[in-house]
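Each remark here refers to the structure printed beneath this line.
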Amino acid sequence: MTHFDTALSQHVQRTDTGRLRHLITLDGLTRNEITALLDLAQFYVRKPHELPARDQSLAGHTVANLFFEPSTRTRVSFELAAQRLGAYVVNLDMQTSSRVKGETVLDTLYTLQAMHADVLVMRDAEPGLPAQVAPFVASHVSILNAGEAHVSHPTQGLLDALTIRQHKPDFNNLSILIVGDLMHSRVARSTWRALNTLGIGEVRIAGPEHLLPPAHEFKGAIRHTDINKAIQDVDVVMALRIQKERMQQAHIPDDSGYCREFGLTPERMKLAKPDAIVMHPAPMNRGVEITDDVADGKQSVIQQQVTNGVAVRMAVLATIARGAHGQ
Ligand code: ASP
């Protein structure tokens with residue numbers, strides 16, 4: 001898999017005065033910027049029995065969701081986040097959009113901006129697309145990356161960092177294990193970036209050799225191919241889905257063999273710290289990378305990740321609206 005250079009993404013996502021106008025990558029965001037986003041997201045978090053937070057930060061704005069790859073959580077949470085900030089929201093049905101008739105993505109974006117959409121939330125299987133289109137949209141329009149191929153998924157990285165911070169705020173002394181198909185995971189890349197910028201103590205990565213990322217990525221992380229060693233005494237365990245859609249058939253591990261070697265089982269969880277938390281970005285393949293007992297067990301914070309996803313996307317939308325319009 002080719003290494004993707006994020007220098008362009010970092011450059012194009014800021015205004016001339018350095019404000020965040022688009023969110024394409026977490027690379028280049030400072031510790032203060034990430035902390036400010038997490039603090040604002042935390043402000044929007046509500047307890048399960050309370051009404052969701054809402055304000056009018058995006059009143060009069062229009063947010064368009066363009067998901068050219070499947071999504072449940074990210075798409076719905078961007079929609080709810082935008083609505084709860086007072087925006088109008090449109091969801092394009094990509095099966096029936098004009099891209100299938102050969103329209104370029106840029107023409108689709110021009111069409112939406114001509115209708116006064118000012119935040120375009122994009123997910124696509126093509127690496128680099130958000131950074132390529134961002135320089136061409138009108139100055140009132142922001143592009144938010146909701147999942148770019150295997151490259152990045154910035155809002156997922158933020159919501160993972162927020163979830164960890166809620167349970168284990170002392171980042172310097174934390175040890176996290178990310179296990180599974182890191183090679184194809186945009187989540188792992190963005191979460192690692194966020195945690196690194198926030199000064200996480202130790203990151204371990206584990207998986208079958210051919211699903212670990214190239215050596216120049218995840219700098220400083222400790223690589224393992226034996227999960228039983230990798231999981232010893234960690235504070236956080238994050239399992240990843242096998243991204244079959246990004247693999248050639250020959251590389252897809254068989255489900256039960258994978259679970260035996262790398263799955264999060266109750267027995268394996270005993271090797272982590274007793275108060276370790278379990279995360280998964282979902283969708284989960286139960287019985288493959290995680291068993292039911294662990295996914296639904298006491299240590300699981302997987303549903304909390306989903307709840308935090310809405311709060312994080314509210315924080316990103318509100319921050320971007322300020323950056324784009326200089327408020
Ligand atoms: N939902 C996450 C993503 O879009 C994780 C996954 O699909 O496995 O990358």
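Each ligand, and each atom within it, is numbered from 1 in the order the structure gives.
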| Donor-acceptor contact present, side-chain Asp181 to main-chain Gln243, <3.5 Å | yes
| Side chain of Asn65, backbone of Asn91: donor and acceptor closer than 3.5 Å? | no
| Hey, which of Asp39, Asp170, Asp160 is the one that makes salt bridge (Lys or Arg N to Asp or Glu O under 4.0 Å) with Arg165? | Asp39
| query | Looking at Arg241, which atoms of ligand 1 are within less than 4.0 Å of one of its heavy atoms? | reply | 6 (C), 7 (O), 8 (O)
| Which of the numbered atoms in ligand 1 are below 4.0 angstrom from a heavy atom of Arg123? | 4 (O)
| said: To check your reading of the model: name the closest protein heavy atom to atom 9 (O) of ligand 1, its residue, and the distance in Å. | reply: Arg186 NE, 2.9 Å
| said: Residue-level breakdown please: for Glu69 versus ligand 1, do any non-hydrogen atoms fall below 4.0 Å on the side chain, on the backbone, on both, or on neither? | reply: neither
| Gln243 heavy atom under 4.0 Å from ligand 1 | yes
| said: For Ala194 versus Ile34, what's the shortest heavy-atom pair and its separation? | reply: CA-CD1, 4.2 Å
| field | SB check Asp255 Lys244 (cutoff 4.0 Å) | value | yes
| query | What part of Arg73 sits under 4.0 Å from ligand 1 if we count only heavy atoms: the side chain, the backbone, both or neither? | reply | neither
| Would you say the side-chain atoms of Ser300 pair up with the backbone N or O of Asp296, donor to acceptor, closer than 3.5 Å? | no
| field | Residue-ligand contact Pro283/ligand 1, heavy atom below 4.0 Å | value | yes
| request: Identify the protein heavy atom lying closest to atom 2 (C) of ligand 1, giving its residue, its atom name and the separation to 0.1 Å. | output: Ala282 O, 3.6 Å
